[in-house]
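If you're wondering where the values come from, they're calculated on a predicted model, not measured in any experiment. Counting begins at 1 with the first residue of the sequence.
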Amino acid sequence: MSTMKKAIKNQFQISENKCLAILLFELGFYLAGMLLLAILMRVAIDEGEGTFPLATIVAAFAGTVFLFADFGEDYTSQFHTQISFGCTRKEFFASVLLKHLVLSACGMVILLALAAAEDALNVRLYPMEEPEFVIFPILLRYGIAAVLGLPAAAALFGTLCNRFGQTVRIVFIILWMLFWFEIQWVMDAVSEPEKEIPGLFRGIAGAITAVPSGMWPVLGVLVLILALGISWMLMRSQQVN
């Protein structure tokens with residue numbers, strides 16, 4: 001068996017129960033989302049306002065955070081140990097990335113199944129309500145981008161943490177909070193141009209809408225390659241403790 005195959009086999013042995021963990025994690029948040037939607041439909045949402053796929057949205061958000069943190073941690077928790085035991089940087093990087101792609105695909109398949117179930121359940125549970133939107137086709141459309149993008153983003157985050165330590169985590173948390181604070185402004189600027197919105201967010205929305213829809217896959221591939229390239233360059237020169 002070649003050393004690369006051995007490294008790949010080792011990675012999957014380390015995470016042999018991870019798909020089950022992803023299933024249980026996403027399913028738990030999915031059920032919590034279903035319960036929350038039932039409560040909202042009873043006490044907060046008026047009749048005729050429609051339903052929305054809250055359970056899938058909650059499961060998708062929680063699953064993404066879980067996988068991103070788990071994938072990023074692999075680069076810091078395993079790197080020094082595996083390199084010290086003779087695994088080359090190339091073998092480590094390739095085997096970890098392949099494992100993350102498989103786990104990311106596993107998470108997406110589970111999410112698609114949950115989304116299909118929720119779209120069907122909401123029709124049965126709330127037959128008098130029209131769904132605001134059906135989430136399964138949206139996940140299907142962007143599924144490949146998510147499966148590829150999550151491991152690439154986690155690779156960049158993990159290798160940056162490995163190089164620069166706790167500072168990266170603090171900066172990331174700040175950027176994460178700013179993103180969720182600002183995203184609503186940007187979404188409003190795109191969907192409601194007449195609404196009064198700070199100029200910065202209107203400018204960001206204008207830049208987003210100026211990009212032709214056919215260019216987004218190209219930009220996504222470029223960002224993917226850039227993230228993996230930076231990750232590999234950082235790992236190549238990373239010293240082993």
Side-chain angles (χ1 to χ4, degrees), residues 1-29 59-114 139-165 168-169 172 217-241:
M1 181 182 294
S2 69
T3 54
M4 179 62 80
K5 288 181 179 179
K6 185 177 179 181
I8 293 172
K9 181 180 179 181
N10 182 51
Q11 283 297 328
F12 281 96
Q13 285 177 337
I14 292 172
S15 304
E16 60 181 348
N17 295 320
K18 191 60 66 69
C19 274
L20 177 60
I22 296 169
L23 170 62
L24 295 176
F25 190 86
E26 290 188 352
L27 182 59
F29 277 91
F61 179 78
T64 300
V65 172
F66 170 76
L67 286 176
F68 181 82
D70 184 72
F71 290 173
E73 189 63 26
D74 275 352
Y75 290 95
T76 56
S77 63
Q78 295 186 34
F79 175 78
H80 300 287
T81 302
Q82 295 209 20
I83 300 301
S84 297
F85 278 94
C87 184
T88 67
R89 286 170 171 78
K90 180 180 178 181
E91 291 164 353
F92 175 77
F93 186 75
S95 61
V96 171
L97 181 60
L98 177 61
K99 180 186 73 173
H100 289 172
L101 286 169
V102 171
L103 291 176
S104 183
C106 177
M108 179 54 68
V109 169
I110 293 168
L111 195 62
L112 285 169
L114 294 176
L139 291 175
L140 201 60
R141 186 180 310 139
Y142 298 106
I144 294 177
V147 167
L148 296 176
L150 183 60
L156 181 59
F157 174 70
T159 50
L160 284 171
C161 287
N162 218 12
R163 175 61 64 88
F164 302 108
V168 176
R169 290 183 171 87
F172 176 78
V218 177
L219 291 175
V221 170
L222 291 176
V223 171
L224 180 74
I225 294 172
L226 181 63
L228 291 177
I230 294 173
S231 302
W232 171 239
M233 286 190 293
L234 288 170
M235 186 172 290
R236 285 183 65 183
S237 56
Q238 176 67 44
Q239 297 298 314
V240 179
N241 296 335

Subject >> Pairs flagged by ring-ring contact (aromatic ring centres under 6.0 Å, His included) wherever residues 143-163 is involved - sequence neighbours left out >> reply: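 Found F68-F157, F157-F172.
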Taking the side chain as C-beta and beyond, is there a heavy-atom pair between [X] and [Y] under 4.5 Å?
X: I110; Y: I22; answer: yes
X: Q238; Y: I83; answer: no
X: T159; Y: F79; answer: no

Subject >> Whether over 12 other heavy atoms sit under 6.0 Å from L140 CG >> reply: yes
Original post:
Quick check: are there more than 12 heavy atoms from other residues, nucleotides or ligands sitting under 6.0 Å from CZ of F12?
Top reply: yes
Distance (rounded to the nearest 0.5 Å) between [X] [atom1] and [Y] [atom2]:
X: L111; Y: M108; atom1: CG; atom2: CE; result: 5.5 Å
X: T64; Y: E26; atom1: OG1; atom2: CD; result: 7.5 Å
X: L148; Y: L97; atom1: CG; atom2: CG; result: 9.5 Å
X: H100; Y: D70; atom1: NE2; atom2: CG; result: 6.5 Å
X: S237; Y: R89; atom1: OG; atom2: CZ; result: 8.0 Å
X: M235; Y: K90; atom1: CE; atom2: NZ; result: 14.0 Å

Which heavy-atom pair separates [X] from [Y] by the least distance, and what is that distance?
X: F29; Y: A59; value: CB-CA, 4.1 Å
X: C19; Y: C106; value: SG-SG, 2.6 Å
X: L101; Y: V147; value: CD2-O, 3.8 Å

Subject >> Salt bridge flag under 4.0 Å for residues K9 and E91 >> reply: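 Looking at E91 together with K9, the answer is no, because their closest N to O distance does not fall below 4.0 Å.
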Show which side-chain atoms of residues 220-234 pair as donor or acceptor with protein atoms under 3.5 Å away, not counting sequence neighbours.
residue	atom	partner	partner atom	Å
S231	OG	A155	O	3.4
S231	OG	L156	N	3.1
S231	OG	A227	O	2.7

**OP:** With side chain to side chain contact (heavy atoms under 4.5 Å, CB included) as the test, would you mind laying out the steps for Q82 and N10 before giving the verdict?
**Re:** CA-CA 10 Å; Q82 295 209 20; N10 182 51; 3.6 Å; yes
**OP:** Give me the ring orientation class for F25 and F66: parallel if the planes are under 30° apart, tilted from 30 to 60°, perpendicular past 60°.
**Re:** parallel
Original post:
Is a donor on one side and an acceptor on the other found under 3.5 Å between the side chain of T76 and the backbone of E73?
Top reply: yes
